[in-house]
Amino acid sequence: MTYSSERVVVSERVAAALRAGAPVVALESTIITHGLPHPENVHAALEFERTVADSGAVPATIAVIDGVCRVGVDGGDLERLAESESPLKLSARDLPVALARGASGGTTVAATALLAVRAGIRVFATGGIGGVHRHASETFDESADLGILASCPVTVVSAGVKSILDIRATLERLETLSVTVLVYGSHQFPAFWLADSGIPVDFAVTSAGEVAAIMHARDALERESGILVANPLPLAAQLDPALHDRLLADALAAADAAAVSGKEMTPFLLDYMHTNTGGRSVEVNLEIVRGNCRLAAQIAAAYAAGPAA
Ligand code: PSU
Ligand code: MN
């Protein structure tokens, strides 16, 4: 069933696809407003939608525009959001405030997952989800993405989490929160720009159909928990590990020196990495999201075909 009100509006195209039981893939928008530099973000927003469409599913980019949650933002609004000077970063707890104030902003994985499920969308593609930050034992800085994934029956396709985070702690929290973790084509959890974080996981999957079968099994158990599908980029496409390690150390030191904290932390570290790799990390980032869009579309199609008899 599609959900629509003055506050949450599902676009005609997305609503029609959902009514027809056709595959739909949600896309987040904080990656556009805070995850990628301008002007690559403008092209990226439209390109991710095209990649999903070319792979056989209907894209539904989710964002808040003038106090309305849009499930399926139109191209003009998306460009306007990507070009805005100081856009808001809206996680789940920020949505009520943005709506009441008529504000616009990019929705994080947490906020996007909530709105996607509310609209009846079960598959979601992004670059990397948020997670547990380094030194979280002192700062308590853990993304709301993890808690929301625990309570939303959505399958998120991401390249794991970025190495700016504490990947091991993030996986521990995902276990505690009972989020199912699958790695596509490998037993090693990826580290976003790098194909392998060095941390093994229990379950590798090798096809979209296998993920869909796991989603249907979760439904049969009447569980409302999310599934994380980590999709490593091909080894040949990864960022040079030596460059990666050097930049990461510099980025963390810069964040420390600038006393960055809270919701500014993720955008600060990403921006540092992007501006100091001469665009190379942005290219890798874009390639990762394209791959995740393709896999998410295949999973959505397999899931829409229904449980195997
Ligand atoms: N990780 C990335 N790129 C991103 C984000 C995370 O590699 O753009 C964004 C996502 O929208 C994610 C959010 O949901 O940052 C997490 O922010 P926080 O850690 O403040 O919850
Ligand atoms: Mn945080």
Side-chain angles (χ1 to χ4, degrees), residues 26-38 40-41 44-45 48 61-64 81-82 87-95 105-116 124-150 152 154 156-167 169-170 173-174 177 179 189-194 197 226 228 230-233 239 244 247-248 251 255 260-274 277 281-293:
L27 297 165
E28 59 138 327
S29 47
T30 291
I31 186 174
I32 304 304
T33 54
H34 293 77
L36 289 167
H38 186 76
E40 285 90 340
N41 64 343
F48 299 155
T61 302
I62 297 179
V64 178
L81 193 62
L88 296 177
K89 171 178 166 181
L90 304 173
S91 194
R93 68 170 185 165
D94 308 312
L95 289 176
T107 47
T108 65
V109 169
T112 306
L114 271 182
L115 293 167
F124 171 7
T126 183
I129 65 165
V132 179
H133 281 266
R134 290 160 184 252
H135 311 297
S137 60
E138 290 136 48
T139 62
F140 278 51
D141 192 352
E142 172 184 332
S143 177
D145 292 356
L146 302 186
I148 293 286
L149 269 188
C152 269
V154 67
V156 180
V157 181
S158 91
V161 296
K162 286 198 172 124
S163 40
I164 56 175
L165 300 172
D166 184 334
I167 300 178
T170 300
R173 288 292 294 146
L174 287 167
L177 292 163
V179 174
F189 196 75
F192 197 81
W193 293 294
L194 302 179
S197 67
L228 175 65
N231 185 25
L233 83 177
L239 198 61
H244 167 271
L247 275 166
L248 177 60
V260 182
S261 67
K263 70 197 286 184
E264 311 303 330
M265 185 58 100
T266 302
F268 179 92
L269 293 169
L270 295 181
D271 183 59
Y272 189 96
M273 296 288 283
H274 289 325
T277 50
S281 73
V282 177
E283 269 171 50
V284 176
N285 198 334
L286 293 174
E287 192 50 37
I288 283 169
V289 187
R290 287 181 203 115
N292 293 347
C293 286

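Treat the numbers as computed from the prediction; the structure is a model and nothing was measured. In each ligand, atom 1 is the first atom listed, and ligand 1 is the first ligand listed.
- Protein heavy atom at the shortest distance from atom 12 (C) of ligand 1 is D145 OD2, 3.3 Å.
- For L270, every heavy-atom contact with ligand 1 shorter than 4.0 Å involves the side chain, none the backbone.
- Counting heavy atoms under 4.0 Å from ligand 1, residue M265 does not touch it at all.
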- Begin with the C-alpha distance, continue with both residues' side-chain angles, and end with the deciding distance and a verdict on salt bridge (Lys or Arg N to Asp or Glu O under 4.0 Å) for D141 and R134. CA-CA 8 Å; D141 192 352; R134 290 160 184 252; over 6 Å; no
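- Within a 6.0 Å radius of NE2 in H38, more than 12 heavy atoms belonging to other residues, nucleotides or ligands are found.
- Neither the backbone nor the side chain of H34 has any atom closer than 4.0 Å to an atom of ligand 1 (non-hydrogen atoms only).
- Among E28, E264, E142, the residue whose heavy atom lies closest to atom 11 (O) of ligand 1 is E28.
- The proximity of T108 to ligand 1, defined as any non-hydrogen pair under 4.0 Å, involves the side chain as well as the backbone.
- For ligand 1, the polar-atom distance check against T107 finds no nitrogen or oxygen pair separated by under 3.5 Å.
- Note on ligand 1: K162 sits in its first shell, one or more heavy atoms being nearer than 4.0 Å.
- Distance check for D141 against the Mn ion (ligand 2): an N/O/S atom falls below 2.8 Å.
- Taking each of G130, G128, S91 in turn, the one with a heavy atom nearest to atom 5 (C) of ligand 1 proves to be G128.
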